[in-house]
Undergrad: 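My questions will all concern the structure given below.
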Amino acid sequence: MMRSLFSVTLLLLVVLTLSADANRRVKSHKGGKHDKSRPASECSPTETQYGKCVPEHGDCGDGLREVTCKDRTNKIQCKIPCNWKKDISDCKYKFGPWGSCDAATNTKSRSGTLKKALFNAECQATVRVSKPCSPRAKNGRDKKLN
């Protein structure tokens with residue numbers, strides 16, 4: 001009786017240990033996705049160097065970025081926006097309102113001041129961005145009702 005109780009207890013302990021270890025492995029794996037905010041190694045931010053985000057297809061969209069620390073180089077997932085912010089995607093700016101439309105160039109612009117540089121990017125303190133003016137939206141209330 002005592003021997004069977006001991007065997008069952010030992011068996012339960014082994015099963016719990018194996019399931020806890022398997023659960024720990026699953027949680028640390030994250031399905032192949034990399035944490036974008038830090039490299040896989042335990043390097044300090046000053047030891048870590050980030051490369052440019054290189055898109056997988058074309059000039060924007062999902063891509064990979066090399067992360068180097070000491071003698072190790074890893075690749076992490078990144079994304080380049082497919083719009084007017086492509087060239088400043090690693091720099092975060094606080095933008096003011098859009099200016100009025102310049103009739104000569106048919107563009108409007110606004111300025112932004114640097115809030116944060118991601119991945120040790122070299123960022124300009126202020127930037128000016130432009131975009132085409134949108135055509136005047138027709139107001140739905142201008143239509144005559146019958």
Side-chain angles (χ1 to χ4, degrees), residues 3-142:
R3 179 177 260 181
S4 64
L5 183 62
F6 178 73
S7 298
V8 169
T9 305
L10 185 61
L11 182 64
L12 282 172
L13 184 60
V14 169
V15 169
L16 287 173
T17 304
L18 290 176
S19 68
D21 186 45
N23 191 24
R24 189 173 25 249
R25 270 188 262 137
V26 168
K27 282 184 180 177
S28 67
H29 181 25
K30 293 186 180 178
K33 292 189 177 180
H34 300 284
D35 185 355
K36 295 177 185 175
S37 63
R38 62 185 174 129
S41 63
E42 295 300 323
C43 296
S44 72
T46 55
E47 297 173 306
T48 306
Q49 292 186 337
Y50 296 90
K52 287 265 185 201
C53 183
V54 179
E56 293 170 349
H57 306 289
D59 64 348
C60 63
D62 291 334
L64 294 172
R65 177 190 310 274
E66 284 193 350
V67 180
T68 306
C69 176
K70 298 177 183 168
D71 60 345
R72 290 184 69 188
T73 300
N74 294 319
K75 290 191 177 192
I76 60 172
Q77 292 179 344
C78 60
K79 188 170 192 171
I80 297 177
C82 293
N83 59 22
W84 56 272
K85 293 193 279 188
K86 262 182 259 193
D87 53 341
I88 59 172
S89 62
D90 286 343
C91 306
K92 299 299 175 193
Y93 292 92
K94 179 167 179 70
F95 286 96
W98 287 103
S100 58
C101 185
D102 180 356
T105 60
N106 195 35
T107 60
K108 56 185 175 180
S109 58
R110 65 181 179 171
S111 297
T113 56
L114 183 66
K115 281 187 359 183
K116 187 177 185 180
L118 304 176
F119 305 109
N120 302 339
E122 293 180 17
C123 302
Q124 300 174 37
T126 59
V127 293
R128 188 163 186 84
V129 294
S130 299
K131 72 175 185 177
C133 299
S134 58
R136 288 206 174 248
K138 293 182 180 174
N139 192 343
R141 288 182 276 170
D142 291 344

Undergrad: Under the side chain to side chain contact (heavy atoms under 4.5 Å, CB included) test, which residues partner T105, sequence neighbours left out?
TA: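 Testing T105 for side chain to side chain contact (heavy atoms under 4.5 Å, CB included), a comparison that skips the adjacent residues, returns D102, T107.
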
Undergrad: Enumerate donor-acceptor pairs with a distance under 3.5 Å from any side-chain N or O in residues 112-129 to protein atoms, sequence neighbours excluded.
TA:
from: N120; atom 1: ND2; to: T48; atom 2: O; distance (Å): 2.9
from: R128; atom 1: NH1; to: S111; atom 2: OG; distance (Å): 2.9
from: R128; atom 1: NH2; to: S109; atom 2: OG; distance (Å): 3.0

Undergrad: Just to verify, what does S100 make a side chain to side chain donor-acceptor pair (under 3.5 Å) with, not counting sequence neighbours?
TA: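 So S100 forms no side chain to side chain donor-acceptor pair (under 3.5 Å) with any residue.
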
Undergrad: Just by distance, do the side chain of R110 and the backbone of P97 share a donor-acceptor pair under 3.5 Å?
TA: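 Here the side-chain-to-backbone pair does not exist.
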
Undergrad: Of V67, D90, T68, which is the lone residue that meets side-chain contact (heavy atoms from CB on, under 4.5 Å) with Y50?
TA: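 One option only clears the test, and that one is V67.
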
Undergrad: Would you say L64 and Q77 make side-chain contact, with heavy atoms under 4.5 Å?
TA: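 Yes - at least one pair of side-chain heavy atoms lies under 4.5 Å apart.
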
Undergrad: I'd like to check the side chain to side chain contact (heavy atoms under 4.5 Å, CB included) partners of D71; sequence neighbours left out, ordered by chain and number.
TA: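 Expected list: none.
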
Undergrad: Assess whether atom CD of E47 is packed by more than 12 heavy atoms of other residues, nucleotides or ligands within 6.0 Å.
TA: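 More than 12 heavy atoms, drawn from other residues, nucleotides or ligands, come within 6.0 Å of this atom.
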
Undergrad: Mind checking what makes side chain to side chain donor-acceptor pair (under 3.5 Å) contact with E66, not counting sequence neighbours?
TA: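 E66 satisfies side chain to side chain donor-acceptor pair (under 3.5 Å) with no residue once adjacent residues are dropped.
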
Undergrad: Measure the spacing between CD1 of I80 and CZ of R65 and express it to the nearest 0.5 Å.
TA: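 Reported to 0.5 Å precision, the distance equals 8.0 Å.
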
Undergrad: Measuring from atom NZ of K108 to atom OG of S130, what distance do you get when rounded to the nearest 0.5 angstrom?
TA: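 Atom-to-atom, K108:NZ and S130:OG are 11.0 Å apart.
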
